[in-house]
Enquirer: 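My questions all concern the structure below.
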Amino acid sequence: MPLHDDVGRLIVAQFRWLDFLVDADSFVAKLMEVLSVAPPRLKKEIIGSLPEIVGDQSHPTVVAALEKLLQEDSEVVVSALDALSDLNLSEQLQEQAVTVAISCIRTVHADQMPHLLRFLLLSATPFNAGRIISQIREQLKFVGMVDPRAARGKKLKGKSSANGTDGAILDALRSGLRFKNMLCEAFLKELKSVENPRDHKVIDVWLIMLIYANGGALQKSAEKILKSKILQLCIRETLFDQCIHGNTELVKDHFMSYLSVSDFLLACKEEKAREFAAYLFTALFEEFSDTFSRQELIGSLVAHIGSGVSFVVTSALDIMISLTSDKPEELIPVSSYITGILDYLESFHEDNLRKVYKIFCHLALAAGFNTGSGGSSVANELLMVVRKQVSNPDMKYRRMGIIGALRIISTIADVNANASMYCSSSQQPNYDEALELLKMAVNSCKFVMLPLILLYDELSVLLENSVLHAAIVDWVGEHVAEFDTVFLADLDNGELSKKYVCDGIEGELWMNLDGNISPVCVNIMPLVSTSPQMSQTCLQILPSQFSLLTIIERLGNQGSLGGINAVLGCPLHLPSTKYLDGDRWGSLSAMQKKTVCHSLYYAINWIRELLNAFSTQVAARVDNVSQRARDETAVKLLMRLRNLILLEGLLNVYLKIHPLSLPDLRYVGDHGSTSTSKFNLPKNMGDQNMEGNVSNKRQKGHKDKASSEKSNSDEKFRQPTVLDAFKRAGVTISQETNRDSQPSSSGMMSRVMEHETNNPCKFGIVDLMAAPAQLDMQRFKFRTLRATCLSLLNYSEPQDSTVSYNESEMPLYVYLLRDLQNKLDNLKPSSKPLFSSSQVKSTHAYCRKSTEEFLNKIQPLFLSLRKHLDGAVSMIKDGSDSCSDNWNSHSASAGNPDIPYAVALKSSVATSVFKEVLSCYKKLLGIPDLFNEANISVLKELLQTFQPSENFDDVLTEFRPSLVPSNLDYLYCRAYTMFAAILDLVCSFSYLLAYDVLITMQSILNSVIILFEKSGEQNGKNVHMGCSKEIVPFLRKHLGLSARKLLTSDLPSEDAENGWQSKGDLIQKILQIYLKNSDSISDLLDELACSVLPQVSSLKTGRTQDMSHGFPTLCSSTILSWYRVLHEENTGNLNKMIKQALKTRAQSERGAVQTALDEIHKSVIVFISLINMCKIHEKVAMHAMAVKHGGKFVDTFLKAFNFLETQFGQHNDIILQMIKSLQKATRTIQTICSEAKGHKRTMITSKIPAAKRSLERFLFQVKALLHNSTEDRFWMGNLRHKDLQGHLVSSQVYGSVDDSPDEEQEQMETDSETPADENGNAMDEDVAEDSNEAPLEE
């Protein structure tokens, strides 16, 4: 050390710990003067000694000097901060020191930043914590991202300087946040207030991670804020990318925090959060190559895969697929962790099973599938697991094996896949091994039908979507070549060589489209009747094997099915039509009826597969198929569609009279109809009764083995039936009667059998256009129509010009539209992959297509939907009774037998088409993905298709500026006006159809709202393409007017017979639409509840008297529907008003407060009027609604008490009036409860406890309000027991009632002796003598 520095240091040391200074101020001033000229090392020595030299009285001078020094010399920051930390500063000086430190954040050197941050965080107080955090966020230049090349160049020398600096900064922040929770709270509050995505910084991510690592209660808050910021697109991947990539050493210490945050986001329900988690998992995997980190990451993903939460499992599998697809070699060292997924296979549905096997196939492909050359443990284990599963007798495991085997085959036999990407030449996949695996799978399923059906269907999808090796395709072609020998029979000039008779049933040919030139027929009835054990086995695989055959045919003939074209028009060998007559049907035995029903069932599914196969020839142009051939095929397909409608209509009628369980023709998953204990017993498949199938609509399936065992074990707890009584009495009951008379949950079976006994030969008129309810209950067993079949909506049959197109074609389109509607129902977002039992788990390709692909496929059908809607409207206007002649003529040309009682009513056809088109339109507008940027063109075309043919632009003149015709808002408004015109038209024909149109108009409004929500999520992206928000109030206004038009309309002649009694649900929904889309819901509620509703008499009067209030839909039959809706909407409106009032309180606007109080008072008046309706109407249901909704209204009103307390001083008059008014209604509720208990009206008494609790809370809340505000305004007492009209009632009038009268009658009043007035409102009882008093009740 130089001598002058050493002398200076010794001199400064002499001034330490002096007992007394004569002139401290002069000494400190001189010392500060020396400090300004001292050399750097001596300067630091002097600054460090200041706390030991200077007294408390000189601290202001020292702080000012250090502030000036820090502005001039940034090298002394550390010494100055240490000195300030050691000084005993006052609050004012401490705040000044913090301000000085904050000012240095921008100028201080990076190496000194940790010391500065540590000083600031230790100096934080509840008053300055927010300012400190805010300044750190704004001014701290966190390096965050390092040049990867520079970082790699410094690895040999240790951590890079940037990482070292950032690490020290993070350590300083972590220690400060750990010891002062107020800093964490201040940061979270600050981050929550930041709204602009550009204002979020890298330091925000790190602070969240540090708070998360500290744990405790704030960890949940950090998770919540991070999730909300990600959902709002404020924190994006780029911020985390700057934190993670290139900063391995920096992130290493916080790896577990990043992983925990990724786990949290992956477990969120929101899809955006899970997508962000996928990015984090991928980024962490790419950045950390060490074994420990990757083991932790893979282990976390495997844990999520086994969590059992559907959306979490799906997202985790997607992440794992992404990793195994991009970096399979890097995952092989940790493959032992990935194999843990195999433990959860039993809980996966088909889609997730495919993903699991895709993961293992990628790993096996990277390691080499050639197990003979050493191979890999992954490939060996995968093949071993699949072989065990395929040979397992349990369907649950065999399903896994089939899916796994075909996934392996698609991996190693797909000629388009670059199999050599991950394999050396010695490890190329062996196609022979794939073929052997396929043979093994087919042989293991050879004698069990459902696994074989699943295998054929999965193989069909695989062949259709992949290009497999020629050896595989050839073998499959040879395997299905036996189809014609098993299922087809030869014909002689289009006729059977001899008539077939079995079990007393003759067979004949149905639906021959080719006439005498038909060489073969489908041999259905002989296979059903000859050998029940083997025939059903064969026929069960008929549709799936034919589907596989058509795929092979198309692959071998460039998409053409010309080689098997004969099966399209060939006849079906079915039971003779003479047995379908009512008299002959009644004489058939149960086994013969079963044969007939099963024959029709297999014929239905055969035709469905014909439509699936040959619709590919007309849906899209095939190169080697001529236009003439396409047209001929389309005509035959339409004929087959007529066959299908007739067959389903007949089978539906027969199942209604003679219920049967139909065999499964496709595998529908774990929740389907198949019992895992009986899938390998084909002889029992058709003999089961309908106890677990027909009567149980929700489950739509057989009970599995476990539930059957449980049912048997609980047999002793079953309630005895009439059959049990007969058995105990010694009455012998046949097996057939016993089986057919099993009790069902709805009692349907016994009623059907009784009807069949009493009316053995009467089918009645069968409307083929009616929905087949009996078939729909077992629809999940049918083969599914593919989306290509919907292309038939664009075709028509050749016909005379004198016949209306719509009359002859619409029965076919009804069927197709219903199928389209079912497909739209099953088109769910990907975040909900698990299907319920009622939803079809189809193995067909369309079920696994994305929403965008499906929308593109049905987009050409929009014009057909519009055409069929116009045709239905014109048919409804014609009003003809039937079109039996048209149906019969076309039905005969399609080869349908003459069934006199099977007709297609014209009115039914038109109504069905009308409803189905509207339903499809509503569901199309309700698809969430339709509003994505990629699908906006589909949305525009859908709206353009449904535009009015007439000019309604005068309706849009209120828009300024005018709407642009090419924009969505213009298309929305014109589509709305088109349906408004249709509403005016059909309103005079059918109230139900008018209601459907109104709901469609509401779906247009909902679509606009969803569109704006989606565009808001895109953060400024012009997804809405010029759609103005001004159309929302426009559509709301006109929707409300349309709803009012329906409410003020009289019944059309079509509905006049049934009256309004059956339309209560419709009126409720219409009234809700009317109220929710009005300009002022409070005023409208006041009008309806106080003026309109009281005019309805309690007696059923003439229609002319009911019209006096202007609402024909409001009468004694529908008043309960109106009453319920008004209660619900009034409570909802009050809740909304209270929320607005609480916001108003925060804004402290006097005029807004008065408005809020007036609105709340209006709701109270409406409530009182509704409750007083119980004095006029004695309906128990109305009284029950009053009690139920009365309690809910009071609960909602209690939410406003904090607001009322704060405003009581300035607005006590209106608040007291509000409370006194509400007392009238609560007293009426008390009286209703008392009478209900006395008369033991259980409909009301079940709702009393909740209402009582609400009234008690209201009582004590008001008591607290008045006690805290004024005096002598509240007291409690017991009221006389009075009825609803205000008359005194003896307390013993109910005799046997055990409830204490005082419990029901205890109230607060001012004058309990006041009699009721003539109107029964007991007004004098409710008003105190002093206007400032607020009598209340308990």
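Numbers for residues simply follow the sequence, beginning at 1.
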Enquirer: List the atom of Ile1031, the atom of Cys973, and the distance in Å for their closest heavy-atom pair.
Expert: CG2-SG, 3.7 Å
Enquirer: Is Tyr972 reaching over with its side chain to a backbone N or O of Ile1004, donor-acceptor style, under 3.5 angstrom?
Expert: no
Enquirer: Determine whether a donor-acceptor pair (N or O, by modelled atom type, separation under 3.5 Å) exists between the side chain of Ser1042 and the backbone of His1038.
Expert: yes
Enquirer: Ring-plane angle category for Phe1193 and Phe1167, please: parallel below 30°, perpendicular beyond 60°, tilted otherwise.
Expert: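 Geometry flag for Phe1167 against Phe1193: parallel rings.
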Enquirer: Are Arg1124 and His1189 packed together at the side-chain level, in the sense that at least one heavy-atom pair is separated by less than 4.5 angstrom?
Expert: yes
Enquirer: Using every non-hydrogen atom in the two residues, find where Ala1184 and Lys1247 come nearest and quote the distance to one decimal.
Expert: O-CD, 3.5 Å
Enquirer: Report the distance from atom CG of Leu983 to atom OG1 of Thr977, rounding to the nearest 0.5 Å.
Expert: 12.5 Å
Enquirer: Please check if the side chain of Thr1048 supplies one atom and the backbone of Arg1044 the other of a donor-acceptor pair under 3.5 Å.
Expert: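 Checking the backbone N and O of Arg1044 against the side chain of Thr1048, a donor-acceptor pair under 3.5 Å is found.
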Enquirer: What's the verdict on side-chain contact (heavy atoms from CB on, under 4.5 Å) for Phe931 and Phe1012, showing C-alpha distance, side-chain angles and the deciding distance?
Expert: CA-CA 9 Å; Phe931 308 101; Phe1012 285 119; over 6 Å; no
Enquirer: So how far is it from Met1185 CE to Leu1120 CG, rounded to the nearest 0.5 Å?
Expert: 4.5 Å
Enquirer: Backbone N or O of Cys1174 within a donor-acceptor pair of the His1183 side chain at under 3.5 Å?
Expert: yes
Enquirer: Taking Asp1079 first and then Lys1037, would you say they form a salt bridge - that is, a charged N and a carboxylate O separated by under 4.0 Å?
Expert: no
Enquirer: Is atom NZ of Lys1188 surrounded by more than 12 heavy atoms (other residues, nucleotides or ligands) closer than 6.0 Å?
Expert: no
Enquirer: Taking all non-hydrogen atoms of both residues into account, name the closest pair between Leu1255 and Val1194 and its distance.
Expert: CD2-CG2, 4.1 Å
Enquirer: Please tell me whether Tyr1123 and His1127 form a close aromatic pair, meaning their ring centres lie under 6.0 Å apart.
Expert: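 Yes; His1127 has its ring centre under 6.0 Å from that of Tyr1123.
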Enquirer: Step by step, would you call Phe1197 with Leu1204 a side-chain contact (heavy atoms from CB on, under 4.5 Å)?
Expert: CA-CA 10 Å; Phe1197 186 79; Leu1204 298 179; 4.1 Å; yes
Enquirer: How about Lys1069: does its NZ atom have over 12 heavy atoms from other parts shown lying under 6.0 Å from it?
Expert: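 No.
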Enquirer: Taking all heavy atoms of Ala1181 and all of Met1243, pick out the closest pair and write down the distance.
Expert: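 Nearest pair, atom of Ala1181 first, then Met1243: CA-SD, 3.6 Å.
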Enquirer: Which of these passes side chain to side chain donor-acceptor pair (under 3.5 Å) with Lys1162: Asp1083, Asp1086, Asn1133?
Expert: Asp1083
Enquirer: Verify, without hydrogens or angle tests, whether Ser1169 (side chain) and Val1166 (backbone) share a donor-acceptor contact under 3.5 angstrom.
Expert: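 No.
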Enquirer: Less than 4.5 Å apart, side chain to side chain, heavy atoms only: is that true for Thr1113 and Tyr991?
Expert: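 Yes - at least one pair of side-chain heavy atoms lies under 4.5 Å apart.
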Enquirer: Any chance you could measure Leu1075, atom CG, to Ser1082, atom OG, to the nearest 0.5 Å?
Expert: 10.5 Å
Enquirer: For Lys915, look at atom NZ and say whether over 12 heavy atoms of other residues, nucleotides or ligands are found less than 6.0 Å away.
Expert: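 Enclosed: over 12 neighbouring heavy atoms sit under 6.0 Å from NZ of Lys915.
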Enquirer: Nearest 0.5 Å, what's the CD-CD1 distance between Gln1140 and Ile1160?
Expert: 9.5 Å
Enquirer: Do the side chains of Cys1233 and Val1187 get nearer than 4.5 Å, heavy atoms only?
Expert: yes
Enquirer: Main chain of Thr1131, side chain of Thr1196: is a donor-acceptor contact present, judged purely on distance under 3.5 Å?
Expert: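 Here the side-chain-to-backbone pair does not exist.
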Enquirer: Is any side-chain heavy atom of Leu1046 less than 4.5 Å from a side-chain heavy atom of Cys987?
Expert: yes
Enquirer: How long is the gap from NZ on Lys1192 to CG on Asn1135, to the nearest 0.5 Å?
Expert: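 Reported to 0.5 Å precision, the distance equals 12.5 Å.
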Enquirer: Check side-chain contact (heavy atoms from CB on, under 4.5 Å) between Asn1077 and all other residues, then give those that pass, not counting sequence neighbours.
Expert: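 If we apply the side-chain contact (heavy atoms from CB on, under 4.5 Å) test to Asn1077, skipping adjacent residues, the hits are Leu1005, Arg1036, Leu1039, Ile1073.
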Enquirer: Any luck finding a side-chain donor-acceptor pair between Asp1158 and Gln1154 under 3.5 Å?
Expert: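 Their side chains do contain a donor-acceptor pair, which is all the 3.5 Å distance test asks for.
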Enquirer: Taking all non-hydrogen atoms of both residues, which atom of Thr1118 and which atom of Leu1114 are closest, and how far apart?
Expert: OG1-CA, 3.5 Å
Enquirer: Establish, yes or no, whether a centroid distance under 6.0 Å links the rings of Phe1034 and Tyr976.
Expert: no
Enquirer: Kindly determine whether Ile1081 and Ser1078 satisfy side-chain contact (heavy atoms from CB on, under 4.5 Å), including the steps that lead there.
Expert: CA-CA 6 Å; Ile1081 186 172; Ser1078 61; 4.0 Å; yes
Enquirer: Can you tell if the side chain of Met978 reaches within under 4.5 Å of the side chain of Ile982, non-hydrogen atoms only?
Expert: yes
Enquirer: I'd like to know if Arg1257 pairs up with Asp1195 as an ion pair, taking the criterion as any Lys NZ or Arg NE/NH1/NH2 lying under 4.0 Å from an Asp or Glu carboxylate oxygen.
Expert: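 Yes, Arg1257 and Asp1195 are salt-bridged.
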Enquirer: Report yes if the side chains of Leu992 and Leu1066 come closer than 4.5 Å at any heavy-atom pair, otherwise no.
Expert: yes
Enquirer: For a side-chain contact (heavy atoms from CB on, under 4.5 Å) check, start with the C-alpha distance between Glu195 and Gln232, then their side-chain angles and the critical distance, and finish with the verdict.
Expert: CA-CA 9 Å; Glu195 297 180 355; Gln232 297 168 9; over 6 Å; no
Enquirer: Rounded to the nearest 0.5 Å, what separation is found between the CD1 atom of Ile1119 and the CG atom of Leu1093?
Expert: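 Result: 4.5 Å between the selected atoms.
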Enquirer: Locate the shortest heavy-atom distance separating Ile1229 from Ala1186; write the atom from each residue and the value.
Expert: CD1-O, 4.2 Å
Enquirer: If the condition is side-chain contact (heavy atoms from CB on, under 4.5 Å), which residues does Asp984 pass it with, not counting sequence neighbours?
Expert: Lys1045
Enquirer: Side chains of residues 995-1002: which donor-acceptor partners sit under 3.5 Å, not counting sequence neighbours?
Expert:
from: Thr1000; atom 1: OG1; to: Asp996; atom 2: O; distance (Å): 2.8

Enquirer: Find out whether Phe1111 and Val1096 are in side-chain contact, i.e. whether some heavy atom of one side chain is under 4.5 Å from a heavy atom of the other.
Expert: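 Side-chain contact under 4.5 Å: no.
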Enquirer: State, with a plain yes or no, whether a side-chain heavy atom of Asn1130 is found less than 4.5 Å away from one of Leu1134.
Expert: no
